[in-house]
Amino acid sequence: MSKHSDKIKQAEDEKLMALVEKLQQEISLSKGLDNTTLDMSDDNIVAGKIFRAEYAFLYDEARYRHASYTGVTNAISQ
């Protein structure tokens, strides 16, 4: 690969990993709130399923791309 395409891959991998990490945080927050809620609304249940489905898709895409992550947490291994 040329240096230009390496820079593009790196930039896109960073965007992808930022999305994965953001979804991890949203799922974690959602699970914490779900545990304290007595009666889950249908909207919350659907939103949780959408978060997990979106995370699964982005996670698989990151694995397929062999995306590298240089952040504090290892977003791919979680």
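These numbers come from the heavy atoms of this one structure, side chains and all, not from hydrogens, waters or symmetry mates.
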(request) State, yes or no, whether a side-chain contact exists between Q10 and D6 at a heavy-atom distance under 4.5 Å. (result) no
(message) Who clusters with V46? Use side-chain heavy atoms, under 4.5 angstrom, across I, L, V, M, F, W and Y, and order the result by chain and number.
(response) I50
(message) Test of understanding: with salt bridge (charged side-chain N to carboxylate O under 4.0 Å, His left out), list the residues that count as partners of K15, not counting sequence neighbours.
(response) E12
(request) Sequence neighbours left out, what passes salt bridge (charged side-chain N to carboxylate O under 4.0 Å, His left out) with R52? Give chain and number order. (result) none
(message) Going by salt bridge (charged side-chain N to carboxylate O under 4.0 Å, His left out), name the residues that satisfy it together with E54, two or more places apart in sequence or in a different chain.
(response) none
(message) Return the CZ to CG distance between R65 and L16, rounded to the nearest 0.5 Å.
(response) 5.0 Å
(request) Evaluate whether atom CG of D42 has more than 12 neighbouring non-hydrogen atoms of other residues, nucleotides or ligands under 6.0 angstrom away. (result) no
(request) Go through the structure and list residues passing salt bridge (charged side-chain N to carboxylate O under 4.0 Å, His left out) with K22, not counting sequence neighbours. (result) E26
(message) Against Y55, only a single residue in L19, I27, D60 fulfils side-chain contact (heavy atoms from CB on, under 4.5 Å); can you say which?
(response) I27
(request) Kindly compute the distance separating CZ (F57) from CG (L23), expressed to the nearest 0.5 Å. (result) 12.0 Å
(message) Taking side chain to side chain contact (heavy atoms under 4.5 Å, CB included) as the definition, give me every residue that meets it alongside H4, ordered by chain and number, with sequence neighbours left out.
(response) S2, I8
(message) Quick check for you: to the nearest 0.5 Å, what is the distance between K49 atom NZ and N44 atom CG?
(response) 12.5 Å
(message) Quick check for you: to the nearest 0.5 Å, what is the distance between Y59 atom OH and Q24 atom CD?
(response) 9.0 Å
